[in-house]
Amino acid sequence: MSLRTLPFLFALALAGLAANPEPPFSRSPYVQSASPTRMHVVWRTEGPVEPVVRFGTDPSNLDGEVPASDITVRASLGTDKQEIPERWKPLRTSRNLGLPKLHSAPIGTFQYEARIKGLKADTTYHYAVYDGTRRLTPADSEHRFRTQPEPGTRRPYRFWVIGDGGTGRSAQKAVFDRMRESVQADGRPLDFWIHVGDMAYGTGRDVEFQTRYFESYAPLLRNTVCWPSMGNHEGHTSKGTTGVGPYYDAYVVPTRAESGGLASGTEAYYSFVHGNIHFICLDSHDLDRKPDGAMARWLKADLEKAKSDWLVAFWHHPPYTKGSHDSDKEKDLIEMRHHILPILEAGGVDLVLTGHSHVYERSMLIDGAYSTNATTAETFVLDDGDGDPAGDGAYRKSAGLTAHAGVVHVVTGNAGAKLGRNGTSPIMRRTIVEHGSVLVEVDGDTLRGRMINLNGTERDTFALVKSGKVPVQRLSLPWQPAEYKKPATSPKVPNEAPLDTRVLVAAGAEWRFRAGPLPGGLDWTRPGFDGAAWKSGKAPFGRGEGRFATPLSAGPAAPRALQIRREFTVEQADRITEMGLWIDYSDGFVAFINGHEVARVGVGRSFGRNAQGVSAREDSGRVYVDLRNVGSAVKDGVNVLAIECHAAGGESQDLRLDPELVAED
């Protein structure tokens, strides 16, 4: 077993643990933007530190130190219009306020980006982060990185590809864990990984990046570079046109050809060379996709410079899909197919990796299918086999980068988000509606891809072999996948809570409540309401079947509605990613935080005595309900959670309410 493999196996033991960073870190150290001679180490702290990074090839002798001039410091200290927590007010000095600003990180956040230079190519280094002389990272084998090989170096490479995984739920964790186990089985670590976007659901906020990306993949991020592409969910808060937002705060990517390729001058799109593979990342979300646009002009120039054996391109929106999205109906997808693919195929692209559509799809070897209408396969398929070396055999291409010699498309938007399928694209050889991810290996003249699902099963394998001169043949009647018929009904999938939560209001807590005819208005849902006349009682409240800590009266005149309220405390609201209710109820309820409606289930319209359209609940037991708009509802300090519950009309007398409030941690 090699020395390089030992720390890799140790790190696997910690795979999948979405633990909060150890103080003073608010974002654990991670590596970025590799080259043969450089690496970046990035981390965050609550409040400032004296940043020092030491590194070396011997973990017991970190004899290199990053000069202070090579460490960029950014900060989030709020604005004059924001309410600043007392503990951060002393930090709002003219010096700190003059630092480059983080877009929307929690107030009190400091980010450090250390550029380590003068390194040897294809070499493993260990690193440690200090606050002055105090070591912050443990003396372990996990905090390490490997520089890129020199361009053109031919040896085996392995990289991981995922998309649409940033949910913080169990499927995301399972996909990550199964990949790690698969890699462990043969002892070959990843050289790097690629994320094709949507890594921070639902709107790419800074706190969503933290809990659903950085904490979820921390064991990998600290020693293996991720090359990212922005998805539409990150695009809610980050803009490719300006290069500003949480996405751009999170990543360091080459803009001046520091990692090979051609300088783009922007982090929205870029290229890099890893050994004998040329990679191109594009922004399919919010930049001009036209052939005369800046991105397309740069792409053409970059391809003219590319001299690698292999060419791989990645971005978010797939040119071909019939999964949860339809590439024949959506503008972003159509334009990438119609405007960008002709440029890439003229440049000899071998593999295109995308996400967005929550499914796994893999094409045959194709070229030239650029239609803005319905995609067809006739004359655009060059090899209609399954591409599996153990089946019909690998797809074959001429050596080098040859124009219009065929490309394989992989849609891997299945790393954690809810899956979906609307049909079958005629150029696809595989369509699999399962969570999973893709491992790609390049070794000499062979590229092999494998989709591994969340159970660890290898569900698809394909290979490309590039050698000699292979004539291009276009098939007039290629193999076609079977027509897909969408099921008339789909099983109801319960809403899933985040894996890592903390309790804000416990089950069985004591509340102020009133039952009976409800008044109008929402004063009772707001802070400052005088609820002295209300009764006190512990959850669960109710009548009918089941046991209740606070029983409610029954009989013909029994109340058909209930209101409860209680306070809870949040230390710093801008660190909240998601809040939700674990709740058992009958029949419908409306929830409020500080007077803002945050959830409505089973109640059609209005509230209080004016509530309409209460529907009988068909199931029973606790369910998870994620709360809306908590970012604008929750404040620092004391907050009020208020819930009203309604019984449906008819003979049923059941009224039940049993809530627990949690926040994603």
Side-chain angles (χ1 to χ4, degrees), residues 162-167 169-172 174-175 196-198 201-202 231-233 284 316-338 352-364 366 369 371-378 380-381 384 386-387 408-438 451-455 457-460 462 477-496 601 615 618-619 623-624 626:
I162 59 169
D164 302 78
T167 63
R169 267 62 177 179
S170 59
Q172 178 185 9
V175 168
V196 295
D198 284 1
Y201 283 92
N232 56 293
H233 282 269
S284 62
H316 187 60
H317 298 83
Y320 310 102
T321 183
K322 294 289 183 178
S324 62
H325 290 272
D326 190 330
S327 59
D328 291 332
K329 296 180 180 179
E330 299 174 37
K331 179 182 177 182
D332 299 354
L333 288 64
I334 293 170
E335 288 190 351
M336 291 302 291
R337 177 171 74 247
H338 188 62
V352 170
L353 304 164
T354 55
H356 191 55
S357 200
H358 301 169
V359 69
Y360 172 82
E361 296 168 294
R362 194 262 298 168
S363 77
M364 297 172 273
I366 66 169
S371 172
T372 57
N373 299 312
T375 299
T376 59
E378 285 76 12
F380 301 129
V381 174
D384 65 356
D386 63 11
V408 172
H409 288 257
V410 174
V411 180
T412 180
N414 59 332
K418 182 180 178 181
L419 301 168
R421 182 179 182 183
N422 291 304
T424 302
S425 174
I427 57 90
M428 292 297 174
R429 202 59 165 76
R430 295 281 186 267
T431 300
I432 301 172
V433 189
E434 296 176 9
H435 288 109
S437 62
V438 177
M451 194 280 262
I452 299 164
N453 73 7
L454 83 172
N455 298 316
T457 304
E458 192 173 296
R459 295 287 282 117
D460 182 37
F462 68 92
L477 293 171
W479 174 92
Q480 289 286 266
E483 182 181 352
Y484 173 74
K485 293 184 178 179
K486 196 168 185 176
T489 59
S490 300
K492 186 177 180 181
V493 179
N495 200 14
E496 184 181 1
V601 177
S615 54
E618 296 179 357
D619 56 359
V623 295
Y624 179 76
D626 55 309

(request) For a side chain to side chain contact (heavy atoms under 4.5 Å, CB included) with P319, tell me which candidate from V411, T354, I334 qualifies. (result) T354
(message) Among L419, L454, V359, V175, which residue satisfies the side chain to side chain contact (heavy atoms under 4.5 Å, CB included) criterion with N414?
(response) L419
If only atom types and distance count, is the side chain of [X] paired as donor or acceptor with the main-chain N or O of [Y] below 3.5 Å?
{"X": "E361", "Y": "K322", "result": "yes"}
{"X": "R169", "Y": "T167", "result": "yes"}
{"X": "S357", "Y": "S324", "result": "yes"}
{"X": "N453", "Y": "E434", "result": "no"}
{"X": "H435", "Y": "A417", "result": "yes"}

Output all residues satisfying side chain to side chain contact (heavy atoms under 4.5 Å, CB included) with [X], sequence neighbours left out; order by chain, then residue number.
{"X": "K486", "value": "N422, Y484"}
{"X": "E330", "value": "H325, D326, L333, H356"}
{"X": "S371", "value": "N373"}
{"X": "V623", "value": "I583, Y585, R617, V625"}

(request) With sequence neighbours left out, write down each residue that passes ring-ring contact (aromatic ring centres under 6.0 Å, His included) with H358, or none if nothing qualifies. (result) none
Decide whether [X] and [Y] meet the rule of one side-chain donor and one side-chain acceptor closer than 3.5 Å.
{"X": "N232", "Y": "H316", "result": "yes"}
{"X": "D164", "Y": "Y201", "result": "yes"}
{"X": "E483", "Y": "T424", "result": "no"}

(request) Answer yes or no: is there an ion pair linking R337 with D328, defined by an N-O contact shorter than 4.0 Å? (result) yes
Using distance only, find each side-chain donor-acceptor pair of residues 425-433 under 3.5 Å and give its atom names and separation, not counting sequence neighbours.
unit_1: R429; atom_1: NE; unit_2: D384; atom_2: O; d: 2.9
unit_1: R429; atom_1: NE; unit_2: G385; atom_2: O; d: 3.3
unit_1: R429; atom_1: NH2; unit_2: D384; atom_2: O; d: 3.3
unit_1: R430; atom_1: NE; unit_2: D460; atom_2: OD1; d: 3.4

(request) Measure the spacing between OG of S363 and NE2 of H409 and express it to the nearest 0.5 Å. (result) 5.5 Å
